Amino acid sequence: MKVSFAVLLLLALLFTSAYAFSPAPSPRRFGCDKKCALRCSKSGWKDRCLKYCGICCGKCNGCVPSGPYAPKAQCPCYRDMKNPKGRDKCP
């Protein structure tokens with residue numbers, strides 16, 4: 001009886017940890033490549049802009065401001081994401 005309880009407890013922990021550590025959604029799933037290409041079209045640091053925009057787009061379920069000069073307020077998740085120094089993470 002004690003062994004079966006321990007096995008059930010172990011299985012429950014494995015299943016819950018699998019959900020807790022699931023990877024972020026793929027940016028391709030949301031069309032982030034095209035959205036970020038438009039967002040970063042006027043950037044002087046295009047490679048860096050595309051990298052961070054793709055990360056932010058994936059974490060924000062595809063929400064990216066609509067153009068290079070569009071306000072970040074269009075996407076609250078995108079706007080509110082910060083780096084460890086407290087500065088904007090998303091271009």
Side-chain angles (χ1 to χ4, degrees):
M1 184 70 176
K2 291 181 182 180
V3 174
S4 63
F5 178 74
V7 170
L8 286 174
L9 183 62
L10 183 62
L11 287 173
L13 287 172
L14 285 172
F15 284 122
T16 56
S17 66
Y19 287 110
F21 297 109
S22 62
S26 170
R28 290 185 178 213
R29 182 173 132 201
F30 301 114
C32 292
D33 292 341
K34 289 181 182 178
K35 292 176 183 178
C36 288
L38 176 62
R39 180 74 179 165
C40 297
S41 63
K42 304 229 187 258
S43 173
W45 302 88
K46 191 165 286 216
D47 291 339
R48 186 177 292 175
C49 181
L50 289 170
K51 175 185 175 183
Y52 288 107
C53 179
I55 291 169
C56 294
C57 180
K59 289 184 178 180
C60 293
N61 298 325
C63 189
V64 174
S66 60
Y69 301 112
K72 291 182 182 181
Q74 289 180 356
C75 298
C77 170
Y78 193 94
R79 175 195 65 212
D80 296 339
M81 209 174 295
K82 304 289 183 195
N83 68 14
K85 293 181 180 179
R87 300 178 78 194
D88 289 343
K89 179 176 187 138
C90 306

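Everything numeric here is computed off the predicted structure, so don't read it as measured data.
Using modelled atom types, one side-chain atom of Lys72 and one backbone atom of Cys90 make a donor-acceptor pair closer than 3.5 Å.
In this structure Ala70 satisfies the side chain to side chain contact (heavy atoms under 4.5 Å, CB included) test together with Arg39, Pro65, Ser66, Gln74, sequence neighbours excluded.
To the nearest 0.5 Å, atoms CD1 (Ile55) and SG (Cys32) are separated by 11.0 Å. Remark: Lys35 NZ to Cys75 SG distance equals 8.0 Å, nearest 0.5 Å.
Sorted pairs that involve residues 40-51 and meet side-chain hydrogen bond (donor to acceptor under 3.5 Å, both in side chains), not counting sequence neighbours, are lacking altogether. Sorted by first and then second residue, the side-chain hydrogen bond (donor to acceptor under 3.5 Å, both in side chains) pairs involving residues 75-86 (not counting sequence neighbours) are Lys82-Asp88.
Other residues sharing a hydrophobic cluster with Leu50 under the 4.5 Å side-chain heavy-atom criterion for ILVMFWY residues do not exist; the residue is a singleton.
Across the pair Cys63 and Cys57, the gap between the SG atoms, which is the quantity tested here, reaches or exceeds 2.5 Å. Cysteines Cys40 and Cys49 place their SG atoms closer than 2.5 Å to one another.
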### Task
Mind running disulfide bond (SG atoms under 2.5 Å apart) on Cys36 and Cys53 for me, showing each step along the way?
CA-CA 6 Å; Cys36 288; Cys53 179; 2.2 Å; yes
